[in-house]
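Being a predicted model, the structure only gives us computed values, none of them experimental. Reminder, nothing fancy here: chain letters follow the sequence lines and each chain counts from 1.
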2 protein chains.
Amino acid sequence: MTSPEEKRRTIRDVAKAAGVSISTASNALNGIGRTNAETREKVKRVADELGFRPNALARGLLTKRSHAIGMLTNDTYGRLTLPMAAGVSEILVDHGVSLFLCATNNDPRLAKLHLDALLDRQVDGIIFTATRIDLGPPPELLKLGIPVIYAFAQGPADSVSFHPDDAQGARIAVQHLRALGRSRILHITGEQDYLAARIRADAYRELAGPSGQVMFGDWSEEWGHSAIDAVYSQSGPKPDAIFCGSDEIARGVIDALRDRGVSIPDDVAVLGFDNWEVISKQTRPPLTTIDMELKELGHRAGLAILGLSRREKLEPGIVRLPCSLVARGSA
Amino acid sequence: MTSPEEKRRTIRDVAKAAGVSISTASNALNGIGRTNAETREKVKRVADELGFRPNALARGLLTKRSHAIGMLTNDTYGRLTLPMAAGVSEILVDHGVSLFLCATNNDPRLAKLHLDALLDRQVDGIIFTATRIDLGPPPELLKLGIPVIYAFAQGPADSVSFHPDDAQGARIAVQHLRALGRSRILHITGEQDYLAARIRADAYRELAGPSGQVMFGDWSEEWGHSAIDAVYSQSGPKPDAIFCGSDEIARGVIDALRDRGVSIPDDVAVLGFDNWEVISKQTRPPLTTIDMELKELGHRAGLAILGLSRREKLEPGIVRLPCSLVARGSA
DNA sequence: TCTTTTTGATAAAACCTTTTATCTCCTATA
DNA sequence: TATAGGAGATAAAAGGTTTTATCAAAAAGA
């Protein structure tokens, strides 16, 4: 059904059809310069009839703005990346800017390859995202001379980064549990090596006081299980609420508690982190959890790179965007 | 640390520095035309020293090939899309082709917007992907006059599509269970409305014979649960193996069986579909499941669109790529 | 009526490559 | 020696747009 290679219309065709010069056509279509309202309308109408669409390559070549930006990400199966990419794309498309997706798969060779390609394509800016906020970009990215925004990743000192507000997220989690009347709150989280884990743990400790206990492990469901086993195999008072560092951990915790006949949330309230729906909606009871608002983070990163590409100045530093609490049945 | 707006080197700079004409420089760098080996080397060396990188916009404008392709997808949180996109990107980057990611979020307005942008950018082709194989593209895509490949989506009759081989996937699943000595195999799957579900169910029935029973429901963990409840609440012989239509369903099935004290895989073997690791690795026991090889599917789609963009002819029709069985503990 | 502004339109340059058609040497052949 | 052919290099055109400088005509001012 595809039409057989019909030549694309150029502005030259429009000009001829409208009986004006190329420059008049250009001026009319872009609404700049001095043009008679009547001719302007006519040119626009003709362009519409012909189905004229300006060649972005030619335009970019001249204006030195490609209206494209690149997104460099180190992960592939991106439960973190994709929501952000969607947010970025949503903002950009409304500004006529397109998004190059570059998955480096943590391979420096691939990163270099993609970076070179982006430069060749004269992208107006690059968004670097990672799977953890303390992961930096490939070193080549730093000396590029084009704008870079860091989203869910670590940028150099003079750069602009967007992170979820992990501390605030932890605080609303603990406050929620407090409001439910819980006082013996335990924090089971992932690897201490992760900055996000440490930030959340610190915020938790500040609210929970000296009785606050943090168990670092890894980010797996398995760890949630064994952490509960450990807690219940030793004597002493048991927690009446557990704040988990991820939904996966929370799922392990819930399963282990159920195995022991502990009622959720009556005996122990359980709270997750991530709002990864495939997990949080499927636990029994469904998981109350913290949402990092990754799409909104993408929106902000998109707006920021648009600003930078227009040579606007942005305050350097880390912008921390608030997390929200999604109440389901577990707390 | 970003260097202050140093002008980009053009081929003109290279030519001047090497003491040759622009056309000689171009010929030398691209290794075409008649050029003395000596000058060729010199030009290349100089270009390297200057850090010259050809402007893809100018090149594309002239050659009418942008070396960019667009990927249009209807989903955002893409557990299906991202692996495919990664596969596509992996192939393309090695051919110097970049990938525009366009998430339409099932919104026709957005689809149109993205499509227009892709056309403006003179992409060499488009890959359309969806979340189910029986979902078609936005109608505008059909009358575009540029190459289109359909991956995990439904294309028109004269198009080239890549699908997982659902029938073969179902067959190796049943064969695996058979090889374990199981004879009373039950199939619990998702919505009958999905073509993939029907294809798998048909293939299953063919192998399982008249005793083969299919339970359609939805794709949720919850459904796995209630399906098991239904099976065990009625009298009669119980299955000794269950082939599930998704890992999520399988997880529900496994949990429900465990609740009833049924041993897996000794009493009942359970087999999933998707190999979505966040689920399949975390069930107890870990889930034996069918992998649709989405990355490979992306590879093939990438190669195909590269071929089409070079005006090679491709046999129209649906190419079904084999699934593989990933053995873990549950079957 | 003559000069100055303003309005509207245009030709041409520019962006950076690739490619075609020429041009100049040089070597080999008659 | 004269000529044909080939190697190596180049000037110039082309691609589609934006933008600057220029120009003509109409309107305003003196």
Check: How close or far is atom C1' of C/dA12 from atom CD1 of A/I11, stated in whole angstroms?
Finding: 15 Å
Next item on the list: Have a look at B/N74 and tell me which of B/T129, B/N106, B/T104, B/N105 forms a side-chain hydrogen bond (donor to acceptor under 3.5 Å, both in side chains) with it.
Entry: B/N106
Next item on the list: Take the C1' atoms of the five end pairs on each side of the helix from C/dT1-D/dA30 to C/dA30-D/dT1, derive the two axes, and give their angle rounded to 10 degrees.
Entry: 60°
Next item on the list: Find the distance B/R59:CZ to C/dT19:C1' and express it as a whole number of Å.
Entry: 13 Å
Next item on the list: Specify the separation, in whole Å, of atom CD of B/E41 and atom C1' of D/dG8.
Entry: 16 Å
Checklist line | Any A/T39 side-chain N or O less than 4.0 Å from OP1/OP2 of C/dG8 | finding: no
Notebook entry, point to check: Just checking, any donor-acceptor pair under 3.5 angstrom between side chains of B/S21 and B/T24?
Noted result: yes
Please table the atom pairs, donor to acceptor, closer than 3.5 Å between any side-chain atom in residues 115-128 of chain B and protein atoms at least two apart or in another chain.
from	atom 1	to	atom 2	distance (Å)
B/D116	OD1	B/K112	NZ	3.3
B/D116	OD2	B/K112	NZ	2.9
B/D120	OD1	A/R53	NH1	2.7
B/D120	OD2	A/R53	NH1	2.9
B/R121	NH1	A/S98	OG	2.9
B/R121	NH2	A/S66	O	3.3
B/R121	NH2	A/H67	O	2.3
B/Q122	OE1	A/R8	NH1	3.0
B/D124	OD1	B/S66	N	2.9
B/D124	OD1	B/S66	OG	3.4
B/D124	OD2	B/H67	N	2.7

Next item on the list: In whole angstrom, give the distance that lies between atom CG of B/L62 and atom C1' of D/dA12.
Entry: 13 Å
Margin query: Is any side-chain heavy atom of B/I318 closer than 4.5 Å to one of B/R320?
Written below: yes
Next item on the list: First locate atom CG of A/L306, then atom CG of A/D94, and finally report the distance between them rounded to the nearest 0.5 Å.
Entry: 10.5 Å
Check: Can you check ring-ring contact (aromatic ring centres under 6.0 Å, His included) on B/F100 and A/F100, steps first, answer last?
Finding: CA-CA 5 Å; B/F100 282 114; A/F100 282 115; 3.9 Å; yes
Item checked: B/E38 CD to D/dA9 C1', straight-line distance once rounded to whole Å -> 14 Å
Next item on the list: Give A/L57 one of three labels, base, sugar-phosphate or nothing, depending on what nucleic acid heavy atoms sit under 4.0 Å from its own.
Entry: nothing
Note to self: Counting only side-chain nitrogens and oxygens, does B/K64 get under 4.0 Å of the OP1 or OP2 atom of D/dG16?
What the structure shows: yes
Margin query: Between B/T10 and C/dC16, is there a contact of a side-chain N or O with OP1 or OP2 at under 4.0 Å?
Written below: no
Next item on the list: Tell me whether the OP1 or OP2 atom of D/dT10 has a side-chain N or O from B/T24 closer than 4.0 Å.
Entry: yes
Margin query: Can you tell me which nucleotide in C/dC15, C/dT10, C/dT17 comes closest to the side chain of A/L61?
Written below: C/dC15
Notebook entry, point to check: In terms of the nearest nucleotide of DNA chain D, which residue is placed more toward the 5' end: B/V20 or A/I22?
Noted result: B/V20
Next item on the list: Could you tell me whether A/K42 and A/E38 make a salt bridge, using a distance below 4.0 angstrom between a side-chain N and a carboxylate O?
Entry: no
Notebook entry, point to check: Any donor and acceptor pair, going by atom type alone, linking the side chain of B/N30 with main-chain N or O of B/I32 inside 3.5 Å?
Noted result: no
Item checked: Comparing B/R53 and B/R34 on DNA chain C - which has the more 5′ nearest nucleotide -> B/R53
Next item on the list: In whole angstrom, give the distance that lies between atom CZ of A/R12 and atom P of D/dG15.
Entry: 8 Å
Notebook entry, point to check: Is there a donor and acceptor pair, one atom on the side chain of A/S23 and one on the base of C/dA11, closer than 3.5 Å?
Noted result: yes
Check: Does a nitrogen or oxygen in the side chain of A/S26 sit under 4.0 Å from OP1 or OP2 of D/dT18?
Finding: yes
Note to self: Counting only side-chain nitrogens and oxygens, does B/N30 get under 4.0 Å of the OP1 or OP2 atom of C/dT18?
What the structure shows: yes
Check: Rounding to a whole Å, what distance do you find between B/L119:CG and D/dG16:P?
Finding: 16 Å
Notebook entry, point to check: Rounded to the Å, how far apart are A/F52 CZ and D/dT18 P?
Noted result: 7 Å
